[in-house]
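In what follows, chains are A, B, ... by sequence order, proteins preceding strands, each numbered from 1.
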Amino acid sequence: MTSSVRVRFAPSPTGYFHIGGARTALFNWLYAKHTQGTFVLRIEDTDTERNTKESLNSLLSNLRWLGLDWDEGPDVGGPYGPYFQSERNEVYQRYLEQLRQAGCVYEKEGAIWLKVSGATQTLDDLIHGPVQRLEEKDFVIYRSNGTPVFHFVNVVDDIDMHITHVIRGEDHLSNTNKHLELYRAFGVTPPKFAHIPLILKTSGPGKMSKRDSGSLVEEYRQKYFLPEGIINYLSLLGWSPKNDREIMPIAEIIAAFDLKDVNNTNARFDEKKLMFINAEHVKNLSPEAFYQQGVIVLKETGHENAIHDTNRLKAIFAIVQEKLRSFEELPHFIEYFFDESYPFEPEAFKKIEKYQPKQRLLELKEKLSALTNFSEENIEACIHTLSETNQIPTGHYIHPLRFAVSGRSVGPSLYHMLPILGQSTVLARIQRCLDTQLS
RNA sequence: GUCCUGUUCGUCUAGAGGUUAGGACAUCGGGUUUUCAUCCCGGCAACAGGAGUUCGAUUCUCCUACGGGACGCCA
């Protein structure tokens with residue numbers, strides 16, 4: 001760490017990790033990386049009724065999956081731990097005692113209340129500018145059951161952990177006055193605040209919530225989205241590098257990110273754009289990275305039979321990468337390379353009927369079987385010759401042939417996929433098509 | 001209801017006191033004499049409304065409308 005910036009992400013593990021939380025974590029992480037500061041993860045688990053172990057595991061796991069690693073927090077420790085609020089009671093008692101000594105609190109109906117100043121507080125928000133508001137009523141900081149409430153622990157921990165910048169959702173903007181009252185009571189200069197705009201539902205009113213479809217990080221992980229794609233999309237919700245750049249590697253985002261460029265308007269979540277950005281990242285993957293991920297996806301989706309021949313698989317990936325939008329599509333997209341009993345799709349058949357497919361395939365079968373070197377160039381030359389000799393467009397050969405060898409109307413470049421399948425397989429597939437579809 | 005906050009194409013955004021208001025997604029159309037979910041080209045599409053300041057405002061100020069948030073012994 002070469003700067004004194006200390007930021008924190010302070011989630012409450014009460015459900016699955018959602019996009020809004022991921023975006024808040026991301027902005028904190030980006031700012032820490034950009035300033036070479038420290039990113040602290042603090043778990044706000046004081047609500048024993050709603051916190052669950054599963055939620056915590058999901059949170060940590062998905063944060064790591066996204067690559068949002070923390071410098072201090074659960075599992076990694078740090079100088080200001082513990083990082084679970086449920087384990088910090090002594091700290092809170094100590095700070096409460098301080099307020100007692102200062103005469104800032106009183107007890108009423110078993111709970112402990114903070115006396116507010118009665119003065120208008122001005123918050124100099126890094127994103128919204130000066131915000132003035134009066135906190136007029138005293139509020140509870142310790143419940144009658146002896147446990148501290150959010151506002152209190154949040155401020156105490158930020159003080160105790162030396163947080164310099166509080167980057168959180170705009171839904172906390174109104175809470176900040178309570179926090180400012182607490183800082184005043186403690187006699188501590190507040191950190192800088194940056195309230196980032198909220199993410200709204202794709203359609204309809206209100207902010208995005210865990211209940212909305214597409215709102216859980218877990219969903220994208222299960223669909224094999226690339227973490228860097230999600231990070232890239234999320235970074236563009238409320239922030240912009242202001243140079244028309246959109247598809248960026250994470251290093252570029254870190255270098256460009258700054259709180260002063262975060263805007264103050266809520267953004268609507270757009271899954272289509274997320275898809276697009278993910279697809280761009282899939283295309284930009286190195287062959288090695290694509291292979292690694294491809295193998296994982298094939299294994300997890302029950303296609304172990306596809307991964308045995310590494311060289312063949314790499315050849316298939318090479319002609320398929322540019323066509324894929326997400327790894328979720330991979331297994332289905334390449335299935336027929338590994339299965340001689342692939343189905344012939346009726347919709348695909350409809351598209352080739354007009355080309356007199358039986359005749360075309362018989363011609364192709366004869367010419368292709370005569371090739372001594374089943375190369376992409378020779379296949380292409382062969383089809384062109386056929387086309388010229390019979391005065392028939394090449395498409396009339398290509399479409400039925402693709403249908404015959406894959407059962408589909410779409411797929412990777414035909415000239416490139418045939419050599420991978422191999423001459424005998426291609427001829428056998430043409431024959432099967434002739435026998436079962438065109439007899 | 002009270003308080004806070006915001007308002008550029010359908011969506012994410014750039015922008016400047018005087019611009020043909022730019023880019024991207026989506027969408028529509030065309031092309032790549034091989035499909036397309038790739039690639040290329042093109043079209044459609046925005047400064048919420050009203051006052052004020054100003055030679056001039058979409059850009060600054062105010063009001064209205066609309067949006068979002070907060071008002072718990074939840075976080």
Side-chain angles (χ1 to χ4, degrees), chain A residues 10-14 44-47 49-51 85 108-113 123 125 127-129 131-137 139-154 168-178 195 197-203 205-207 233 236-247 261 263-277 279-280 282-283 319-326 329 333 348 351-352 380 383-384 387 393-403 406 408-416:
Chain A
S12 174
T14 56
E44 307 219 329
D45 55 352
T46 55
D47 184 350
E49 296 292 302
R50 299 196 300 148
N51 292 143
Q85 291 186 330
K108 179 178 149 194
E109 293 162 356
I112 296 171
W113 298 66
L123 158 67
D125 192 88
I127 292 168
H128 293 272
V131 177
Q132 293 194 328
R133 193 163 169 276
L134 169 66
E135 194 64 37
E136 31 192 10
K137 292 189 295 191
F139 57 93
V140 173
I141 58 171
Y142 253 81
R143 303 183 184 88
S144 48
N145 68 6
T147 60
V149 307
F150 163 72
H151 302 297
F152 180 76
V153 295
N154 188 267
R168 58 185 6 169
E170 200 182 290
D171 48 342
H172 285 290
L173 193 53
S174 301
N175 288 154
T176 309
N177 295 273
K178 285 192 175 73
H195 287 92
L198 267 23
I199 298 178
L200 270 25
K201 291 179 200 290
T202 300
S203 59
K207 61 175 174 172
Y233 174 68
L236 261 15
L237 246 33
W239 172 79
S240 156
K242 304 188 189 304
N243 57 186
D244 283 349
R245 290 274 295 158
E246 289 205 318
I247 308 304
D261 297 321
N263 63 212
N264 53 16
T265 60
N266 294 162
R268 236 172 240 285
F269 187 72
D270 182 357
E271 203 165 342
K272 290 220 177 95
K273 184 135 189 183
L274 203 204
M275 288 269 221
F276 167 79
I277 290 180
E280 293 301 302
V282 168
K283 282 171 204 139
I319 62 171
V320 132
Q321 182 170 2
E322 62 169 11
K323 302 272 185 171
L324 279 187
R325 288 153 73 226
S326 81
E329 301 171 341
F333 201 74
K351 290 186 184 174
I352 62 146
E380 183 167 0
I383 290 177
H384 278 293
S387 156
T394 52
H396 293 210
Y397 286 99
I398 282 161
H399 300 309
L401 183 51
R402 176 188 296 288
F403 175 73
S406 72
R408 315 252 178 98
S409 62
V410 301
S413 163
L414 185 72
Y415 299 135
H416 292 83

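A donor and an acceptor atom never sit less than 3.5 Å apart when one is taken from the side chain of A:K272 and the other from the base of B:C25. A donor and an acceptor atom never sit less than 3.5 Å apart when one is taken from the side chain of A:S174 and the other from the base of B:C3. Residue A:K273 places a side-chain atom within donor-acceptor reach of the base of B:A24, judged by atom type and a 3.5 Å distance cut-off alone.
Heavy atoms of A:H195 sit nowhere under 4.0 angstrom from any nucleic acid atom. Within 4.0 Å of A:A267, counting heavy atoms only, lie sugar-phosphate atoms of the nucleic acid but no base atom. Across all strands shown, A:R268 has heavy atoms under 4.0 Å from sugar-phosphate atoms exclusively, and none from any base. Within 4.0 Å (heavy atoms only), A:R245 reaches no atom of the nucleic acid at all. Residue A:Q132 is classed as a sugar-phosphate contact, given heavy-atom separations below 4.0 Å to backbone atoms only. Within the 4.0 angstrom heavy-atom criterion, base atoms lie near A:K323.
For the pair A:N266 and B:G6, the criterion of a side-chain N or O lying under 4.0 Å from OP1 or OP2 is not met.
Side-chain contact check for A:N154 versus A:N175: every heavy-atom pair is 4.5 Å or farther apart.
Aromatic ring centroids of A:F139 and A:F152 lie 6.0 Å or more apart.
Between A:V153 and A:N243, the residue whose closest nucleotide on RNA chain B is further toward the 5' end is A:N243.
Of the C1' atoms belonging to B:G72 and B:U11, the separation is 35 Å, rounded to the nearest Å.
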